[in-house]
Amino acid sequence: MSAQMNMTLAKAVWDALSVGDVEVLDELLAENLQWHVPGKHRLSGTRTDRDQVLDYLGTLGEETDVYDLQLRDILVNDDRGLILYHVTGEREGRKLDTYQMLLFQVEDNRIIEAWSNPFDQHAVDNFWG
């Protein structure tokens, strides 16, 4: 794919993630997607198909009072992309305020693998702890 097509894909994924649009995500994520979440909390680990990833993404909103994502930048090349965003959240008296990166691999106009990388892993672990 071209970088321009990957930019279109990245923007569509971001728009769907930021509003929780599962139908659009279902179209943009490969069925055999792998999604890696680092850390030492109950949501960390690797999801190994699209349904597991969609369940995981749903959990982020369901288990928080506030989970707000603000786009900062999107960078792409012919087969990868990077979304930089700011996340704030509140749950069970805990607050989260950090930047994160979502690095993803593209194949056949769908995301085939993704790595979520927070700038402050300790804060994320405490928030989801």
A.B. asks: Step by step, would you call Leu43 with Phe127 a side chain to side chain contact (heavy atoms under 4.5 Å, CB included)?
C.D. replies: CA-CA 11 Å; Leu43 298 179; Phe127 182 73; over 6 Å; no
A.B. asks: Mind listing the closest non-hydrogen atom pair of Ser44 and Gly39 along with its distance?
C.D. replies: OG-O, 3.2 Å
A.B. asks: Listed by chain and number, what are the ring pair (Phe, Tyr, Trp, His ring centres under 6.0 Å) partners of His36, not counting sequence neighbours?
C.D. replies: Trp115
A.B. asks: Applying side-chain contact (heavy atoms from CB on, under 4.5 Å) between Leu82 and each of Val76, Leu103, Ile74, report the one that passes.
C.D. replies: Leu103
A.B. asks: Just to verify, what does Arg47 make a side-chain hydrogen bond (donor to acceptor under 3.5 Å, both in side chains) with, not counting sequence neighbours?
C.D. replies: none
A.B. asks: Report yes or no: does Arg50 contribute a side-chain atom to a donor-acceptor pair with the main-chain N or O of Leu33 at less than 3.5 Å?
C.D. replies: no
A.B. asks: Find out whether Met5 and Val106 are in side-chain contact, i.e. whether some heavy atom of one side chain is under 4.5 Å from a heavy atom of the other.
C.D. replies: no
A.B. asks: Any side-chain heavy-atom pair from Val24 and Asp15 closer than 4.5 angstrom?
C.D. replies: no
A.B. asks: Can you name the nearest heavy-atom pair linking Trp35 to Ser116, along with the distance?
C.D. replies: NE1-CB, 4.5 Å
A.B. asks: Pairs of donor and acceptor atoms involving the side chains of residues 51-60, under 3.5 Å and at least two apart or interchain, shall be tabulated with distances.
C.D. replies:
unit_1: Gln52; atom_1: OE1; unit_2: Thr48; atom_2: N; d: 2.8
unit_1: Gln52; atom_1: OE1; unit_2: Thr48; atom_2: OG1; d: 3.4
unit_1: Thr59; atom_1: OG1; unit_2: Asp55; atom_2: O; d: 3.0

A.B. asks: So, taking the atom named CZ in Arg72 and the one named NE2 in His86, what distance separates them when rounded to the nearest 0.5 Å?
C.D. replies: 6.5 Å
A.B. asks: Looking only at heavy atoms, which two atoms of Ala10 and Phe104 are closest? And how far apart?
C.D. replies: CB-CZ, 3.6 Å
A.B. asks: Rounded to the nearest 0.5 Å, how far does OG1 of Thr64 lie from CG of Leu96?
C.D. replies: 10.0 Å
A.B. asks: Taking Ser2's backbone N and O only, do any of them form a donor-acceptor pair with Asp78's side chain (distance below 3.5 Å, no angle check)?
C.D. replies: no
A.B. asks: Would you give the length of the straight line joining atom CD1 of Ile83 to atom CG of Leu75, rounded to the nearest 0.5 angstrom?
C.D. replies: 10.0 Å
A.B. asks: Roughly how far, to the nearest 0.5 Å, is the CD atom of Glu31 from the CZ atom of Arg110?
C.D. replies: 8.5 Å
A.B. asks: Hydrophobic cluster membership, with links at side-chain heavy-atom distances under 4.5 Å among I/L/V/M/F/W/Y: are Leu102 and Val22 in one?
C.D. replies: yes
A.B. asks: Do Leu71 and Leu69 land in one hydrophobic cluster if side-chain heavy atoms of ILVMFWY residues count as linked below 4.5 Å?
C.D. replies: yes
A.B. asks: Checking Asp68 now: which residues fulfil side-chain hydrogen bond (donor to acceptor under 3.5 Å, both in side chains) with it, not counting sequence neighbours?
C.D. replies: Gln70
A.B. asks: Taking the side chain as every heavy atom from C-beta outward, state whether Leu25 and Leu17 have any pair of such atoms under 4.5 Å apart.
C.D. replies: yes
A.B. asks: Rounded to the nearest 0.5 Å, how far apart are CE of Met101 and CG of Asn117?
C.D. replies: 5.0 Å
A.B. asks: Got a sec, which pairs hit ring-ring contact (aromatic ring centres under 6.0 Å, His included) with one end in residues 5-26, sequence neighbours left out?
C.D. replies: Trp14-Tyr85
A.B. asks: Output every pair passing side chain to side chain donor-acceptor pair (under 3.5 Å) with a member in residues 119-129, not counting sequence neighbours, ordered by first then second residue.
C.D. replies: Gln121-Asp125, His122-Asn126
A.B. asks: As an exercise, state the distance from CD of Glu27 to CG of Asn109, rounded to the nearest 0.5 Å.
C.D. replies: 11.0 Å
